[in-house]
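Here the structure comes first, spelled out in structure tokens, and everything after it is commentary.
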Amino acid sequence: MTQDNIYSYASFSVIGGYDYEGEVARTLRVFASHEVAIDYARDLCNDGCDYAYVMGVSPEGVPDLAHVLRVADDEPSFVNLG
């Protein structure tokens, strides 16, 4: 996910997780705005999650697992979950 291709997504999915426990389903949210999704991911990290994944979702409802933004305390990075 880059600044250039965020406009190709219909929505953005965010899920938080813990290093040794994995992702937590209760943190899963879908947003129409990239900025709001990033803010929620940062809030999850501030509230105790070790990281949060921000994924773009295509107009067909398919998450882009190849270009996932990982938000964490150390720094944002891109991962491929596909």
Side-chain angles (χ1 to χ4, degrees):
M1 177 184 326
T2 65
Q3 193 65 27
D4 295 333
N5 73 355
I6 62 171
Y7 300 107
S8 66
Y9 299 117
S11 59
F12 299 89
S13 173
V14 180
I15 190 165
Y18 299 96
D19 289 335
Y20 298 103
E21 298 172 20
E23 290 75 43
V24 180
R26 66 180 162 76
T27 64
L28 180 64
R29 302 287 187 278
V30 177
F31 300 94
S33 165
H34 181 254
E35 292 80 18
V36 174
I38 297 293
D39 288 343
Y40 177 66
R42 288 185 184 131
D43 287 345
L44 287 175
C45 291
N46 290 337
D47 291 341
C49 285
D50 293 326
Y51 62 87
Y53 290 138
V54 180
M55 295 166 270
V57 180
S58 74
E60 294 80 25
V62 179
D64 182 3
L65 297 178
H67 304 98
V68 177
L69 176 64
R70 183 181 187 271
V71 177
D73 286 338
D74 47 1
E75 65 182 38
S77 59
F78 290 95
V79 295
N80 182 346
L81 300 178

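Just so it is clear, the structure is predicted and the values come from calculations on it, not from any experiment.
A heavy-atom distance below 4.5 Å is found between the side chains of Tyr18 and Cys49. Side-chain contact check for Val14 versus Val71: every heavy-atom pair is 4.5 Å or farther apart. By the 4.5 Å heavy-atom criterion applied to side chains, Val57 and Tyr9 are not counted as neighbours. Under the 4.5 Å side-chain criterion, counting only non-hydrogen atoms from C-beta, Tyr53 is not in contact with Leu69.
Hydrophobic cluster membership differs between Val54 and Val30, with clusters built from Ile, Leu, Val, Met, Phe, Trp and Tyr side chains linked at under 4.5 angstrom. Note: the hydrophobic cluster containing Leu81 also contains Ile15 (ILVMFWY, side chain heavy atoms under 4.5 Å, direct or indirect links).
Contact between Tyr51 and Ala72 at its shortest, heavy atoms only, is CB-CB, 4.2 Å. Considering every non-hydrogen atom in both Asn80 and Ala66, the closest pair reads OD1-CA, 3.4 Å. Scanning both residues, Ala10 and Pro59, for their nearest heavy atoms gives CB-CA, 3.7 Å. Annotation for Leu28 and Ser13: closest pair CD1-OG, 3.4 Å, computed over non-hydrogen atoms.
Annotation: the span from Asp73 atom CG to Arg42 atom CZ amounts to 12.0 Å, rounded to 0.5 Å. Arg29 contributes atom CZ, which lies 8.0 Å from atom CG of Leu44 (distance to the nearest 0.5 angstrom). The OG atom of Ser11 sits 10.5 Å away from atom CE of Met55, with the distance rounded to the nearest 0.5 Å.
Side-chain atoms of Tyr40 come within 3.5 Å of backbone N or O of Thr27 as a donor-acceptor pair. Looking only at distances, no side-chain donor or acceptor of Asp64 sits under 3.5 Å from a matching main-chain atom of Gly56.
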